[in-house]
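Fair warning: this is a prediction, and the values are worked out from it, not measured in the lab.
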2 protein chains.
Amino acid sequence: MPVSMHIWFDMKLTAAQLDGSNMSVRAQHPWPLEDDEEASGLDLTLDEKTELSHFCDVISVGAKGPPIFTQGQHADHVFYVNEGIVQGRHTIRSGVRQSVALYWPGDFFGLARDGMFFNSAEAVIDCTLYRYPIRKLEKFLISRPRIQHKFLMKAVHDIRKTQRQLIIMGALDVARRLAVFLVDCCGHREYFDTGTQHLTIPISRHDIADHIGTSAETVTRAINTLEKKGLIRRETPWKLEIKTSELLAFSSLD
Amino acid sequence: MPVSMHIWFDMKLTAAQLDGSNMSVRAQHPWPLEDDEEASGLDLTLDEKTELSHFCDVISVGAKGPPIFTQGQHADHVFYVNEGIVQGRHTIRSGVRQSVALYWPGDFFGLARDGMFFNSAEAVIDCTLYRYPIRKLEKFLISRPRIQHKFLMKAVHDIRKTQRQLIIMGALDVARRLAVFLVDCCGHREYFDTGTQHLTIPISRHDIADHIGTSAETVTRAINTLEKKGLIRRETPWKLEIKTSELLAFSSLD
DNA sequence: CGGCGGCTTGACCTCTCTCAAGAATAGTGG
DNA sequence: CCACTATTCTTGAGAGAGGTCAAGCCGCCG
């Protein structure tokens, strides 16, 4: 564990280098920035990463295991996704469950209210996460204004991402929501091969359904719809050939 | 204008004092905080407010007028609601319009992406706003880590607020969404009389419909539903008698 | 008092949910 | 390598919530 603690940011750095230009789908600007700033993730320097690594834990979570944390549980950590995908979910009193976000590598999660987690978090595929004690992180950020500013930009970015999800849920039918989801997946090199245009859907129908606010059956039907329109082609249930730009055009989202 | 610039934060302070305990509906905690921290708004000290007032403009916007800004427009300011209600909206290519947030006094708005506003903003009732040049604000925040930290907390709070809206849209039927909206309105003393339990709905059916992701007709029908259940009583189209706690219970949201 | 805009109501129709069964896939042990 | 089983995906049919269109109503303002 101690070893991991010191190398994880380096690992992340390497991963970022491999990703190269393909991070662009998640690359969106928050409040206006200097022109040369990149705003999708935190975009920390190596030194900053090293400083942060001094007080984080590395944890692994399996997809089949128990939730990372549960809504209402005492919250004293914030999590960062290094590898894998985590889904944030909220259960209301009637028992209905709603996904509030899908966290990809580079995202933070662990919002709390009154010292308790506001949502539950579950790994939808196997993950490695970094865990920060919230108190230490806060003190550190106050002592490093420029790093804190990057966190503020990241938070603003997340507001916009959540608003985007709201727009998707409120203004698009299921087929279009699915189209957006698939295009988003194509922004992640781990699952999309730009050469062959083949996407490996990383999560189950049920998890997709949660994410886009529908049922697993309707997800399947929406896949049929997109296939009939010639926007995708199903090779196996999880391997799709994707026409990215047509899909994006169809979704009628920017 | 210069006079206003120097007194606005004082005015706000007075308003906060008048509000007293009734801010509780919007009072929610972001990431875990020191126990004595209040986390609904920015919660700045008088000195901090004075410092900020040095580089803000005061502007008035009428409900019938043009938008405060339009999606895609060049963004170099951030706005703060002093009085009134502003609705953030996003229009997708198909022309469908979706509300992304309702901004009440104390809220900031003006998210941008690639230097352009991500959403449009319209005053749904007459407003007074404070407008900050984004560059100056950023520089100021970096030079004042503790104030920046309050902005970070506010941003995190807004993420949760947006997630909450997402939950409402994804997991609740229209009657319940309306119930949540009405209860939220009751948290604002300007429109709700705690003694008589009378709420004056501040915005039109159409704007409500946008906000909760439905049509104006369905809003009316949902009002009927709630009235039949005895949760509200309609005196005029805009004056309702509200049973707050029953409504909240009905909504099945926390 | 007359007109305009927002609210209300009705009728119809579409999309999506639910329930239920059948197919494909992956995992397991022989 | 082949059954057998658990899981996930797919398809079908029926029901219901809510969208849309169209008309009527009410309060507000000139």
Provide a list of protein-nucleic acid N or O atom pairs under 3.5 angstrom, restricted to nucleotides 27-30 of chain D.
none

Quick one: is D:dC9 close enough that its OP1 or OP2 comes under 4.0 Å of any side-chain N or O from A:Thr220? no

Which is the 5'-most and which the 3'-most nucleotide of DNA chain C that has an atom under 4.0 Å from a heavy atom of chain B? C:dC7 to C:dA11

Nearest to the side chain of B:Val174 - D:dT11, D:dG18, D:dC21? D:dG18

Please state how far atom CD in A:Glu227 lies from atom C1' in D:dT11, giving the value in whole angstrom units. 14 Å

Nearest-nucleotide check on DNA chain C, B:Ile203 vs A:Thr214; residue mapping nearer the 5' end is B:Ile203

Using atom CD1 of A:Ile208 as one end and atom P of D:dT8 as the other, report the distance to the nearest whole Å. 13 Å

Does D:dT11 have OP1 or OP2 under 4.0 Å away from a side-chain N or O of A:Asn224? yes

Ignoring hydrogens and angles, tell me if any N or O in the side chain of B:Ser60 forms a donor-acceptor pair with the backbone of B:Thr128 under 3.5 Å. no

Distance-only side-chain donor-acceptor flag, B:Gln87 / B:Asp210, under 3.5 Å: no

What is the nucleic acid contact for A:Ser215, judged by heavy atoms within less than 4.0 Å: base, sugar-phosphate only, or nothing? base

Starting from P on D:dG18, measure out to CZ on B:Arg205 and report it in whole angstrom. 17 Å

Can you measure B:His206 atom NE2 to D:dT20 atom C1' for me and round it to whole angstrom units? 14 Å

Nearest heavy atom decides the nucleotide; on that basis, is A:Glu217 or A:Asp173 closer to the 5' end of DNA chain C? A:Asp173

Which value, rounded to the nearest 0.5 Å, describes the distance between A:Leu178 atom CG and A:Ile212 atom CD1? 5.0 Å

Indicate, with a heavy-atom threshold strictly under 4.0 Å, whether B:Arg177 touches base, sugar-phosphate, or nothing. nothing

Taking B:Pro237's backbone N and O only, do any of them form a donor-acceptor pair with B:Arg205's side chain (distance below 3.5 Å, no angle check)? yes

Counting distance alone, no hydrogens or angles: does the base of D:dG19 have a donor or acceptor under 3.5 Å from a partner atom on the side chain of B:Arg221? no

After noting the C-alpha distance and the side-chain angles of B:Lys64 and B:Asp126, does the key distance pass the salt bridge (charged side-chain N to carboxylate O under 4.0 Å, His left out) rule? CA-CA 8 Å; B:Lys64 304 282 178 181; B:Asp126 293 349; over 6 Å; no

When rounded to the nearest 0.5 angstrom, what is the spacing between CD in A:Gln197 and CD1 in A:Ile232? 13.0 Å

Mark yes or no for whether A:Gln165, through its side chain, and B:Leu166, through its backbone, hold a donor-acceptor pair below 3.5 Å. no

Salt bridge (Lys or Arg N to Asp or Glu O under 4.0 Å) partner of B:Arg233, chosen from B:Glu241, B:Glu227, B:Glu246: B:Glu241

Strictly under 6.0 Å, is that where the ring centroids of A:Phe79 and A:Tyr103 end up? no

